[in-house]
Amino acid sequence: RTSVSDLEVIPTQETGTLWTIRYHLIDERSGLPNADETITVATTRPETILGDTAVAVHPDDDRYRALVGRRVRIPFVDRDVPIIADDVVDRGFGTGAVKITPAHDKDDHATGQRHGLPMISVLADDATINEVGGTYAGLDRYEARKRIVADLEGAGDLVGTKPHEMVIGRCQRSNDVIEPRLKTQWFIKVDPLAQSALQATRSGETEIMPARFEKVWENWLTNIHDWNVSRQLWWGHRIPAWYCPDGHVTVSSEVDGPARCETCGRGAAELRQDPDVFDTWYSSGLWPFSTLGWPDRTEDLRRYYPGTVMETGYDIIFFWVARMMFTGLQFMDAAPFRTVYLHGMVKDPYGQKMSKSKGNIVDPLEAIDRAGADAMRFSLLNGTSPGNDQKFSNERLEDGRNFANKLWNATRFVLGARPASIPADAPRREPDEASLGAGERWIRSRTAAAVDAVDKAMGEYQLAEATRALYDGIWSEFCDWGVELAKVRLADEALPAAVREATWWTLVESIDTFVRLLHPVMPFITEALWASLPHAADDPDLLIVAAWPQGSTPARDRATEASVEAVLDLVRRIRNARTEAGIETSAWIDAEIAAPGASNALVAELRPQLERLTRVKATILPADVARKDVPGALSVIAGGLEAYLQPREDPEVAARERDRLTRELGVVEGRLASSTARLADPAFSSKAPPHIVDGARRSHAELEAQAASLREKLAG
RNA sequence: GGGCGAUUGGCUCAGUGGUUAGAGCACGCGGUUCACAUCCGCGGGGUCACUGGUUCGAAUCCAGUAUCGCCCACCA
């Protein structure tokens with residue numbers, strides 16, 4: 001039984017009843033209600049008849065124009081009230097005449113104030129009819145409603161009863177129907193606070209993200225009403241107001257209250273503190289500074305106020321964020337944070353809001369039991385966008401779990417692959433650059449790219465973009481290619497120890513970097529893994545306080561990336577050709593590879609890796625051979641590189657190979673056609689930026705070469 | 001009544017002007033290669049809700065329409 005603020009009232013769509021009721025007009029001569037002369041009003045709350053103090057019609061409504069100024073008799077309480085004209089009345093609704101109960105309805109209250117109507121409360125605090133209700137006194141509000149309807153019917157004044165779709169205000173917490181009452185309560189005059197909060201966002205002192213919520217913010221703050229902060233509850237900050245026996249109010253910031261009534265001077269002994277407490281959101285609004293020792297000017301307060309980022313759900317932007325802004329600007333003269341980052345809601349698997357009453361709550365502890373806390377955290381971030389809702393699903397949870405598992409196994413592999421020449425407790429070292437191969441340089445560069453991508457994404461609060469960069473970087477690049485390339489050198493006993501050591505330190509460096517980057521998202525597994533990695537002398541004991549990776553360290557090496565990518569592309573295409581030709585996965589076959597010009601040395605260097613990844617025994621052709629006709633071979637074209645695979649004797653293979661080449665030529669020719677049309681359009685070459693046009697020309701030339709090569713093979 | 005968001009492969013979602021729109025799951029085929037079957041390889045699958053406009057070029061920008069969802073609002 002407490003008052004609440006407007007925000008805590010949830011308008012609920014419900015089917016109620018609309019009753020139409022006859023009120024009898026007062027005969028001007030006799031002063032008595034006329035049996036025949038009536039006005040019919042519509043109401044959904046017949047029990048409030050007891051508090052009616054007027055009947056209102058629209059001023060331009062011809063049906064009632066003559067009745068304005070007359071009086072009607074309110075039944076049961078025998079009160080005579082005026083018929084007034086007010087343009088809040090909707091002529092089209094009900095009968096066009098509405099009963100006015102200023103003490104029990106927000107609109108009626110406003111109407112009552114405009115017309116100076118008496119405001120008669122008919123309810124007690126426990127929602128029973130009070131003494132004003134005469135024979136209904138003591139009845140619960142709904143019981144009274146039933147009786148009154150029955151009694152109206154008995155009197156012949158109930159005209160109609162019909163179901164009615166309406167909006168009822170219910171309590172956010174208890175779901176009870178909220179009763180508008182006239183009560184003396186403490187309110188906060190909110191307009192000046194709203195103005196300063198608006199000033200903070202308009203000036204850029206505080207930025208709301210995503211930006212679209214700023215409109216919501218603006219709209220709410222510019223139409224805001226005063227805030228009822230009194231709560232008749234047991235728990236909370238007490239209202240700092242004291243009353244003397246004469247009813248004078250003294251507000252004090254002293255813990256023990258004021259020494260005397262500031263109006264009449266009565267001593268503290270006679271003063272009584274207001275029993276009410278503040279709205280819990282009022283207290284929560286103090287959080288940004290009260291947690292830092294305020295009102296004392298502590299070191300923490302100086303250092304940490306204002307904060308940098310407030311991260312919270314968009315559903316409490318008004319409840320909490322706005323109130324923190326109000327109190328922060330009021331008491332600290334500065335907005336409490338520079339950025340407000342609003343996330344979406346986690347809905348149930350069907351997109352419904354989780355609620356206890358619907359019973360569709362997903363218990364995070366169950367998810368954690370099933371997949372781990374890190375997996376859940378990852379799943380809640382990955383594949384979401386700022387401010388948008390997401391559905392919680394077990395599939396997504398499994399993604400996170402599998403990812404954690406992958407990272408765990410990859411780290412386990414790296415630790416187990418340590419060359420014997422490195423002691424188990426060796427401190428972490430940078431790889432020796434002189435001993436790095438193309439694969440290692442590629443890993444280092446791609447890891448640097450991941451650092452840059454994560455930094456950029458985090459800087460823009462694109463958290464899902466950061467997790468995506470980490471997922472791809474760790475799984476699709478480091479594990480799928482980096483580790484696979486490194487395995488060859490790590491396993492090759494013929495190589496100098498320095499080479500194998502450099503390879504291993506490269507893997508360690510990369511894992512170390514990824515684990516640091518992933519730590520904010522998956523703190524537990526990364527902390528555990530990091531503990532098992534070699535550390536440098538200046539590393540702290542725990543990852544949580546370890547340094548964030550420096551962007552582009554080691555530096556990006558785009559030339560290496562491009563040339564190694566070309567080899568990786570060749571690997572993919574060789575695998576594809578093998579599958580399509582129906583060559584058994586495990587069979588080793590021979591291949592010749594044309595790597596013309598500058599690419600020759602790199603392909604030669606990576607030949608062992610290429611062989612392992614494709615299960616071909618490769619011969620690298622001299623650098624001056626760009627293309628070769630190898631009868632009976634499967635031809636694979638990847639950019640400037642070509643490979644010619646020699647399958648075992650199999651008549652079907654040749655036919656499938658022809659099909660494959662024909663299909664490939666079709667695709668290439670299709671692209672070539674659109675590319676030709678594009679380049680032929682003078683508008684494109686004259687209006688598009690030069691780098692786009694150049695790119696289009698380059699890819700066109702490459703497509704032409706591919707098409708020529710394919711045609712040649714099909715002809716041969 | 002105002003405002004906001006969503007609409008992209010079977011599912012869940014990324015992608016805000018530039019070649020051929022991506023991922024995970026699901027699906028099909030293959031896999032006892034010394035980290036991982038919670039895995040590896042290959043593949044099929046989308047006229048980006050609709051209509052019109054701007055532009056050399058639109059999933060992306062603009063206008064409108066439809067459907068779904070949310071927020072705000074004093075029709076008894």
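Values in this document were obtained by computation on a predicted structure and should not be read as measured data. In the text below, chain A, chain B and the rest are named by the order of the sequence lines, each starting its count at 1.
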Next on the checklist: Any base atoms under 4.0 Å from A/A688, or only sugar-phosphate, or nothing? Heavy atoms, all strands.
Outcome noted: base
Next on the checklist: Checking contacts here: which listed nucleotide (B/G18, B/C56, B/A76) is nearest the side-chain heavy atoms of A/I692?
Outcome noted: B/G18
Checklist entry - Under 4.0 angstrom, heavy atoms only, what part of the nucleic acid is A/S476 near: base, sugar-phosphate, or nothing? => result nothing
Checklist entry - Out of B/C72, B/A35, B/C13, which has the shortest distance to the side chain of A/L7? => result B/C72
Checklist entry - At under 4.0 Å between heavy atoms, what does A/V98 touch on the DNA or RNA strands: base, sugar-phosphate, or nothing? => result base
Next on the checklist: Using a heavy-atom cut-off of 4.0 Å across all strands, would you classify A/T44 as base, sugar-phosphate, or nothing?
Outcome noted: sugar-phosphate
Checklist entry - A/P689 near the nucleic acid: base, sugar-phosphate alone, or nothing, with a heavy-atom cut-off under 4.0 Å? => result base
Checklist entry - Quick one: do A/R370 and A/E398 make a salt bridge, cutoff under 4.0 Å? => result no
Checklist entry - Between A/E580 and A/R656, is a side-chain contact (heavy atoms from CB on, under 4.5 Å) present by the stated rule, with each step listed? => result CA-CA 7 Å; A/E580 299 225 349; A/R656 285 202 211 100; over 6 Å; no
Next on the checklist: Measuring to OP1 and OP2 of B/C40, would you say a side-chain N or O of A/W475 lies under 4.0 angstrom away?
Outcome noted: yes
Next on the checklist: Using a 4.0 Å heavy-atom cut-off, does A/Y471 contact any base of the nucleic acid, only the sugar-phosphate backbone, or nothing at all?
Outcome noted: sugar-phosphate
Next on the checklist: Applying a 4.0 Å non-hydrogen cut-off, can you work out what A/Q352 is touching in the nucleic acid: base, sugar-phosphate, or nothing?
Outcome noted: nothing
Item to check | Counter-base of B/A6, judged by Watson-Crick or G-U geometry with both distances under 3.5 Å | outcome: B/U67
Next on the checklist: Using a 4.0 Å heavy-atom cut-off, does A/R575 contact any base of the nucleic acid, only the sugar-phosphate backbone, or nothing at all?
Outcome noted: sugar-phosphate
Checklist entry - Just checking A/K353: base, sugar-phosphate only, or nothing, at a heavy-atom cut-off of under 4.0 Å? => result sugar-phosphate
Next on the checklist: So, does A/N576 get its side chain near the phosphate of B/G43, meaning an N or O under 4.0 Å from OP1 or OP2?
Outcome noted: yes
Checklist entry - What does A/R396 touch in the nucleic acid at a heavy-atom separation under 4.0 angstrom: a base, only the sugar-phosphate, or nothing? => result sugar-phosphate
Checklist entry - So what does A/S385 touch, heavy atoms closer than 4.0 Å: a base, only the sugar-phosphate, or nothing? => result sugar-phosphate
Checklist entry - Contact class for A/K406 vs. all strands (heavy atom < 4.0 Å): base, sugar-phosphate, or nothing? => result base
